[in-house]
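To start, the structure itself, in structure tokens.
Not measured: the values here are computed from a predicted model. The figures here come from the full heavy-atom set of this structure, side chains too, leaving out hydrogens, waters and symmetry mates.
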Amino acid sequence: MDLPYSAATEPDDRAADRAHLDAARQCVLLWHQSPKAMEAPAALNVKFRVSYPMLAHALNHVHQALAAMERFPLVATTSARIALEHALTAQWILLTHGGELVVANHMKHSWMTRSRLFAEATGTQDELRPILDLDPIPGNERSFSAQVLCHRFDESGLFYDLYRELSQGVHPSYGTISAHFEIVGEVDDNQRALTSTSRNGAAQRVDATATGLGLAAVLAIDAFERFRDGSPRLPEVEAIATAAGLPHDLRFSDQLPDLQKPSGSA
């Protein structure tokens, strides 16, 4: 499959960024070469049904970001942030006993909350009564957040720092401002200055974008392979991650390894 980007179009010539972008490309190619029909082992079947959409969304965002990175770098940053969160979620589901239920309850709680607020705003309580009358989800059954997600797999806090850095492409931020214009002349007494504007957000790039894309791609394709019978391409994924200096098997950095086991098991 030909992809609309190459090493020649990389916006950053730093070795780490080149390695991370190359890892992202290789993972996207593996993704597009994956079988469309597959069966997960019976013990992982429910996990797979919740996790697969997460990892698929992550890899599709990486693909899109690589294609857009040269022309719309801040848009690529946005996709990197989305991809990282979804890839980590797929890994969290895979490595958490009953994790698929926690994530599903987190989604259900969000859906119920939005339905309640929508009903109040529009006066449609009667029409939405079947949803509004559902029992609330206990907090301990939906204990899931991006911060918890990142901290579980990284003692240093750098996962969460990377996540927040990439969030500059999602929320109004210094990154949003600096990507779209820069002052190229001195500010005068009337607070006027010559500025150079960028309609496509390329005035300044978020440095973490390449790392975010590489990490998200590796974690997503790693999760996918671990759901496949025999995990046939896992050594290839490991080689891609190792060459780029990226983690791939989060079991080794799990700060809460007991969550991988059924409650009360040894």
On a heavy-atom basis, the closest approach of Ala241 and Val218 is CB-CG1, 3.7 Å

Between Met69 and Ala76, what is the shortest heavy-atom contact and its length?
CA-CB, 3.8 Å

Applying a strict under-4.5 Å side-chain criterion to I, L, V, M, F, W and Y, I'd like to know whether Leu84 and Ile82 cluster together.
no

Quick check: are there more than 12 heavy atoms from other residues, nucleotides or ligands sitting under 6.0 Å from CZ of Arg114?
no

With rounding to the nearest 0.5 angstrom, report the CZ to CG distance, Arg81 to Leu213.
13.5 Å

Minimum heavy-atom distance between Ala58 and Ala87, given as atom pair plus value:
CB-N, 3.8 Å

Sidechain-backbone polar pair: Lys47 side chain, Leu95 backbone, donor-acceptor under 3.5 Å
no

Is there a side-chain contact between Asp229 and Pro41 (heavy atoms, below 4.5 Å)?
yes

Quick one: does Arg233's side chain get under 4.5 Å of Ile221's, heavy atoms only?
yes

Do the side chains of Phe159 and Val148 join up, straight or via other hydrophobic residues, at under 4.5 Å, putting them in one cluster?
no

Taking the side chain as every heavy atom from C-beta outward, state whether Asp249 and Glu238 have any atom pair closer than 4.5 Å.
no

Do Ser34 and Arg228 pair up side chain to side chain, a donor and an acceptor below 3.5 Å, judged on atom types alone?
no

Please report the closest heavy-atom contact between Ser178 and Gly175, naming both atoms and the distance.
OG-O, 3.4 Å

Taking the inter-plane angle between the rings of His57 and His61 on a 0 to 90° scale, is it parallel (under 30°), tilted (30 to 60°) or perpendicular (over 60°)?
perpendicular

Give a yes or no on whether the backbone of Glu100 and the side-chain of Arg49 come within a donor-acceptor separation of less than 3.5 Å.
no

With a 4.5 Å cut-off on side-chain heavy-atom distances among I, L, V, M, F, W and Y, is there a chain of contacts connecting Leu44 to Val46?
no

Please name all residues satisfying side-chain hydrogen bond (donor to acceptor under 3.5 Å, both in side chains) with Arg116, sequence neighbours left out, ordered by chain then number.
none

Between Asp22 and Gln26, a side-chain donor and acceptor under 3.5 Å:
yes

When you look at CD of Glu155, are more than 12 heavy atoms from neighbouring residues, nucleotides or ligands closer to it than 6.0 Å?
no

For Pro73 and Ala202, the nearest pair of non-hydrogen atoms, with its separation, is CG-CA, 3.6 Å

Find the distance between CD1 (Ile131) and CH2 (Trp111) and round it off to the nearest 0.5 Å.
4.0 Å

Does any N or O in the side chain of Asp17 come within less than 3.5 Å of the main-chain N or O of Ala210, such that one atom is a donor and the other an acceptor?
no

Look only at the side chain of His20 and the backbone of Ala244, and say whether a donor-acceptor pair between them is shorter than 3.5 Å.
yes

If you round to the nearest 0.5 Å, how far is CG of Asp222 from CD of Gln91?
5.0 Å

Value for NE2 (His86) from CE (Met54), rounded to nearest 0.5 Å, stands at 5.5 Å

Which atoms form the tightest heavy-atom contact between Ala179 and Leu74, and what is the distance?
CB-CD2, 4.0 Å

How far apart are the C-alpha atoms of Arg251 and Asp254, what are their side-chain angles, what is the distance that settles it, and do they pass the salt bridge (charged side-chain N to carboxylate O under 4.0 Å, His left out) test?
CA-CA 5 Å; Arg251 291 176 302 176; Asp254 194 345; over 6 Å; no

Kindly work out whether a path of hydrophobic side-chain contacts (I/L/V/M/F/W/Y, heavy atoms less than 4.5 Å apart) joins Leu162 to Leu158.
no

Give the intermediate values and the outcome of side-chain contact (heavy atoms from CB on, under 4.5 Å) for residues Arg152 and Leu259.
CA-CA 10 Å; Arg152 175 176 170 188; Leu259 292 181; 3.7 Å; yes

Are Trp92 and Leu250 close enough that some pair of their side-chain heavy atoms sits under 4.5 Å apart?
no

Nearest 0.5 Å, what's the OG1-CG distance between Thr89 and Leu94?
12.5 Å

Hey, any chance Leu215 and Val206 share a hydrophobic cluster, counting ILVMFWY side chains that come within less than 4.5 Å of each other, even indirectly?
no

Side chains of Thr176 and Ser173: is there a donor and an acceptor less than 3.5 Å apart?
yes

Look only at the side chain of Thr78 and the backbone of Gly169, and say whether a donor-acceptor pair between them is shorter than 3.5 Å.
yes

With side chains defined as the heavy atoms from C-beta onward, is the minimum distance between Phe227 and Tyr52 less than 4.5 Å?
no

State whether the side chain of Asp154 and the backbone N or O of Cys150 hold a donor-acceptor pair below 3.5 Å, judged by distance alone.
no

Decide yes or no for Thr122 and Glu127: does some side-chain heavy atom of the first lie under 4.5 Å from some side-chain heavy atom of the second?
no

With the side chain counted from C-beta on, respond yes when Leu88 and Tyr163 share a heavy-atom pair under 4.5 Å apart, and no when they do not.
no

To the nearest 0.5 Å, what is the distance between CD1 (Ile240) and CG (Leu246)?
10.5 Å

Any His248 side-chain heavy atom under 4.5 Å of Glu225 side chain
no

For Ser253, enumerate each residue passing the side-chain hydrogen bond (donor to acceptor under 3.5 Å, both in side chains) test, keeping only those at least two apart in sequence or located in another chain.
none

So that I can tick it off, tell me whether Arg164 and Asp161 are bridged by a salt bridge, with the cut-off set at under 4.0 angstrom between side-chain N and carboxylate O.
no

